[in-house]
Amino acid sequence: MQRLEATEEHGIGRFVAAAAEIESRREPFPVELLAALRRLVPCDDVAFSELDRVRQRVLGGLEDPVWDGPELDVSYWEIRHEHPVCHRHETTGDFRAHRVSDFVGQRELRRRRIYAEWFRPLGVEHQLTVGLDAPLWHTKVFLFSRRAGPDFTERDCIVLDALRPYFEGRHALWEARRRSAGAAPELEALTARERDVLLLVADGLTNARIAERLWITPGTVRRHLENVYSKLGVHTRTAAVRAASRDS
């Protein structure tokens, strides 16, 4: 497996730093974050889709830029078995980054129904997907599309695979924030990052695991916890969690 070069590692670091400033109570991956992803892996469109593939329901999703083209005559549920990457998701549970071209050549793709009824109407010539590990009743997948020019590269896949732990951690943290809505008013004194650290402490994570989840150093976690203790007037992790869970 190829290793990331220093420039790519720096690009990932810049993306994560920028993403840390992008918050949304409504979406785990808001359009501003999708735009940052579009700059990291150059393409024409980036979409995030949450699906229940068992009950065939759309659970959520966003696209950047917002699609304003024609309505398609076919639904995703009719055509998904022809999408080679979606087929791989459903048969193997492998949500690592893959290009359509990893499974079917351009000439063969253009002979398929999915190209005639899905890709061509959308103007898509190349597509890459990467997802979070998830059950089929709630898949979480990013789709990167190019309308012209060269295909995505293996490097693009490696960059996105390196970010999968970040995506998974961000989505889990967003879910935790949503569950904690309406918690003790003392939390209003905390910064967004301090609340994130406290939520992960409440989930039982160690400082080292919190650092991995938030892509920061253990020393930074300790500093955030010290600030949390000071603002909540406590001295231990257990007391901080208890203070944050008090009824308002």
When you measure from the side chain of Asp203 to the backbone of Leu205, do you find a donor-acceptor pair of N or O atoms at a distance under 3.5 Å? no
Atom of Leu34, atom of Asp64 and distance for their closest heavy-atom approach: CB-CB, 3.8 Å
Does the pair Lys140/Asp133 count as a salt bridge with the N-to-O cut at 4.0 Å? no
Are the side chain of Asn207 and the backbone of Val221 linked by a donor-acceptor contact shorter than 3.5 Å? no
Would you say His81 has more than 12 foreign heavy atoms packed within less than 6.0 Å of its NE2? yes
Correct closest heavy-atom pair for Ser145 and Cys43 would be O-CB, 3.3 Å
Closest contact, heavy atoms only, Ile22 versus Arg170: O-NH2, 2.5 Å
Should the pair Phe29 and Phe142 be assigned to parallel (<30°), tilted (30 to 60°) or perpendicular (>60°) ring geometry? perpendicular
Among residues at least two apart in sequence or on other chains, which ones pass side-chain contact (heavy atoms from CB on, under 4.5 Å) with Cys86? Arg53, Tyr76, His83
Taking Arg146 for its side chain and Pro42 for its backbone only, find out whether a donor-acceptor pair lies under 3.5 Å. yes
Going through the checks in order, is the side chain to side chain contact (heavy atoms under 4.5 Å, CB included) test met by Arg110 and Glu125? CA-CA 9 Å; Arg110 291 186 177 187; Glu125 290 296 323; 2.8 Å; yes
Considering all heavy atoms, the nearest Gly169-Arg213 contact: CA-CD, 3.0 Å
Do Arg223 and Glu226 meet the salt-bridge criterion of a basic N to acidic O distance under 4.0 Å? no
Charged N to carboxylate O below 4.0 Å: is that the case for Arg99 and Glu154? no
Can we say Glu78 and Arg113 salt-bridge, meaning some charged N sits less than 4.0 Å from an Asp/Glu carboxylate O? yes
What is the minimum heavy-atom distance between Phe152 and His126, and which atoms define it? CE1-O, 3.7 Å
Counting neighbours of CH2 on Trp77 that are heavy atoms of other residues, nucleotides or ligands and sit closer than 6.0 Å, is the number greater than 12? yes
Go through the steps to decide whether Ser230 and Asn227 satisfy the test side-chain hydrogen bond (donor to acceptor under 3.5 Å, both in side chains), and finish with yes or no. CA-CA 5 Å; Ser230 176; Asn227 291 337; over 6 Å; no
May I ask you to decide whether Glu194 forms a salt bridge with Lys231, counting only side-chain N to carboxylate O separations under 4.0 Å? yes
Answer yes or no: is there an ion pair linking Asp102 with Arg88, defined by an N-O contact shorter than 4.0 Å? no
Could you go through Glu90 and Arg80, starting from their C-alpha distance and side-chain angles, then the distance that decides it, and tell me whether this counts as salt bridge (charged side-chain N to carboxylate O under 4.0 Å, His left out)? CA-CA 10 Å; Glu90 297 186 14; Arg80 77 184 199 267; 2.8 Å; yes
I need the minimum non-hydrogen distance between Leu190 and Val228, along with the two atoms involved. CD2-CA, 4.1 Å
